[in-house]
Amino acid sequence: MTYFYNFPLNLNIPKVTFKSSYGTSNITSPVLNPWQDKFVTNPIYENFGTLDEIQACAEKNPRIKELLSEYNLPVKINEKELQNLQNGHLTETRVTAAKMYSALSADLKNQVNLVNLQNAAMLHDYGKILIPDKILNKQGELTENEREIIELHPELSYELLKNKGINQETLDLIKYHHQNPQGNGYPAIDNNFQYGLSAQIITTADKYSALTEERSYKPALPKDKALEIMHKDVEQNLISQEVYDALAQSV
């Protein structure tokens, strides 16, 4: 069984038509060297204050308190997860998204704001610092209640970051990075949000990074196996062929 964020990977998604205006992609752009570009460290990520300041921000937010109280969870920062995110998955997702952008055709690049894309990639799982470690890193399969708690993290990310001077496109990419063209991901899509190319890149980079990283509940998958799984997202019309091609070339 393959796991993605300790959920068994369910690939039996009903077929729908993917509406794309992207056209044919000719991937000829050079791929970024992630250790030589300007986004390896991200200033927007590094200036949110001390642990106590983040805790106070969460405690003052009524929506965060509402979301957590529904599951009898305290408003408490998971310091271990904050360190894990800073040192691993967020950077991996950011680098993958940047390399995917680099592999797009010039026409497709024009549809993406690279700064917003990378800031969103670097911050997308920020809300996990409010999820207890015993749930985030549970070695066995999640219960339905635990899965619902995990699925709070995109909205928790949004709520923690919405008053930090981040623009709306970046915030929306963070909030909806577990959505899809059908709109049946989580949380529910706001009527003003359009699931476009940047959202596809974030979602794809996040999933690929999670599949190829070692977690407490699974080993790291080799690249070819991860790409095989990711191609099923094309078959299920969750991402366009152009986005998959950019991933395949960039990794």
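Judged by distance alone, the side chain of K109 and the main-chain N or O of S102 form a donor-acceptor pair under 3.5 Å. S250 places no side-chain N or O within donor-acceptor distance of the main-chain N or O of A103, the cut-off being under 3.5 Å. Distance alone, capped at 3.5 Å, is enough to place a donor-acceptor pair between the K218 side chain and the E213 backbone. Here the side chain of E235 pairs no donor or acceptor atom with the backbone of K232 at under 3.5 angstrom. Using a distance-only test at 3.5 Å, with no hydrogens or angles considered, no donor-acceptor pair links the side chain of E81 to the main chain of D133.
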Please test I129 against L156 for side chain to side chain contact (heavy atoms under 4.5 Å, CB included), starting from the C-alpha separation and ending with a verdict. CA-CA 9 Å; I129 65 175; L156 291 173; over 6 Å; no
Criterion salt bridge (charged side-chain N to carboxylate O under 4.0 Å, His left out) on E146 and K138, from CA distance to verdict: CA-CA 10 Å; E146 289 168 339; K138 181 179 178 180; 2.7 Å; yes
Trace of the side chain to side chain contact (heavy atoms under 4.5 Å, CB included) decision for L152 with E70: CA-CA 11 Å; L152 296 176; E70 184 176 346; 6.0 Å; no
R94 vs E92, salt bridge (charged side-chain N to carboxylate O under 4.0 Å, His left out): CA-CA, chis, key distance, verdict: CA-CA 5 Å; R94 204 283 307 161; E92 290 297 325; over 6 Å; no
Chi angles and distances behind the side chain to side chain donor-acceptor pair (under 3.5 Å) call for D245, Q249: CA-CA 6 Å; D245 289 345; Q249 177 161 324; over 6 Å; no
Does the salt bridge (charged side-chain N to carboxylate O under 4.0 Å, His left out) test come out yes or no for D172 and K175, once each step is laid out? CA-CA 5 Å; D172 285 343; K175 186 174 182 179; over 6 Å; no
For the pair Y126 and I54, evaluate side chain to side chain contact (heavy atoms under 4.5 Å, CB included) and give the outcome as yes or no after the intermediate values. CA-CA 11 Å; Y126 198 69; I54 299 171; 3.5 Å; yes
Carefully, step by step, assess M230 and L247 under the rule side chain to side chain contact (heavy atoms under 4.5 Å, CB included). CA-CA 9 Å; M230 296 303 302; L247 173 69; 3.9 Å; yes
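At a threshold of 4.5 Å between non-hydrogen side-chain atoms, the residues Y208 and L227 count as touching. Using a 4.5 Å heavy-atom threshold, the side chains of N119 and N167 count as separate. Between M100 and V251, every side-chain heavy-atom pair lies at or beyond the 4.5 Å cut-off. The closest side-chain heavy-atom distance from Y244 to D233 is not below 4.5 Å. Under the 4.5 Å side-chain criterion, counting only non-hydrogen atoms from C-beta, T93 is in contact with H124. Considering only heavy atoms from C-beta on, P181 stays 4.5 Å or farther from N237 through its side chain. Between N61 and L160, the closest side-chain pair of non-hydrogen atoms is not below 4.5 Å. Taking the side chain as every heavy atom from C-beta outward, R63 and E155 approach each other to under 4.5 Å.
Separation of atoms NE2 (H231) and CD1 (I239) is listed at 8.5 Å; rounding is to 0.5 Å. Note: H89 NE2 to T96 OG1 = 9.0 Å, rounded to the nearest 0.5 Å. Between atom CD1 of residue I131 and atom NE2 of residue H153 there is a gap of 8.0 Å, rounded to the nearest 0.5 Å. Rounding to the nearest 0.5 Å places CD of Q83 at 9.5 Å from CG of N78. Distance check: S69 OG to I64 CD1 gives 11.5 Å after rounding to the nearest 0.5 Å. Considering CG of N116 and OG1 of T170, their distance stands at 3.5 Å, rounded to 0.5 Å.
In terms of heavy-atom proximity, I202 sits nearest to L173 at CG2-O, 4.4 Å. A pairwise comparison of heavy atoms in N113 and V115 identifies OD1-N, 3.1 Å as the closest pair. What you find for V234 and S240 is that their closest heavy atoms are CG2-O, 4.1 Å.
Of the candidates Q179, H178, K128, E159, P154 forms a side chain to side chain contact (heavy atoms under 4.5 Å, CB included) with just one, namely H178.
Heavy atoms from other residues, nucleotides or ligands lying under 6.0 Å from CD of Q194 number 12 at most. More than 12 heavy-atom neighbours from other residues, nucleotides or ligands sit within 6.0 angstrom of NZ on K162.
With sequence neighbours excluded, no residue satisfies salt bridge (Lys or Arg N to Asp or Glu O under 4.0 Å) with K223.
For the residue pair Y195 and T203, a side-chain donor N or O sits within less than 3.5 Å of a side-chain acceptor on the partner.
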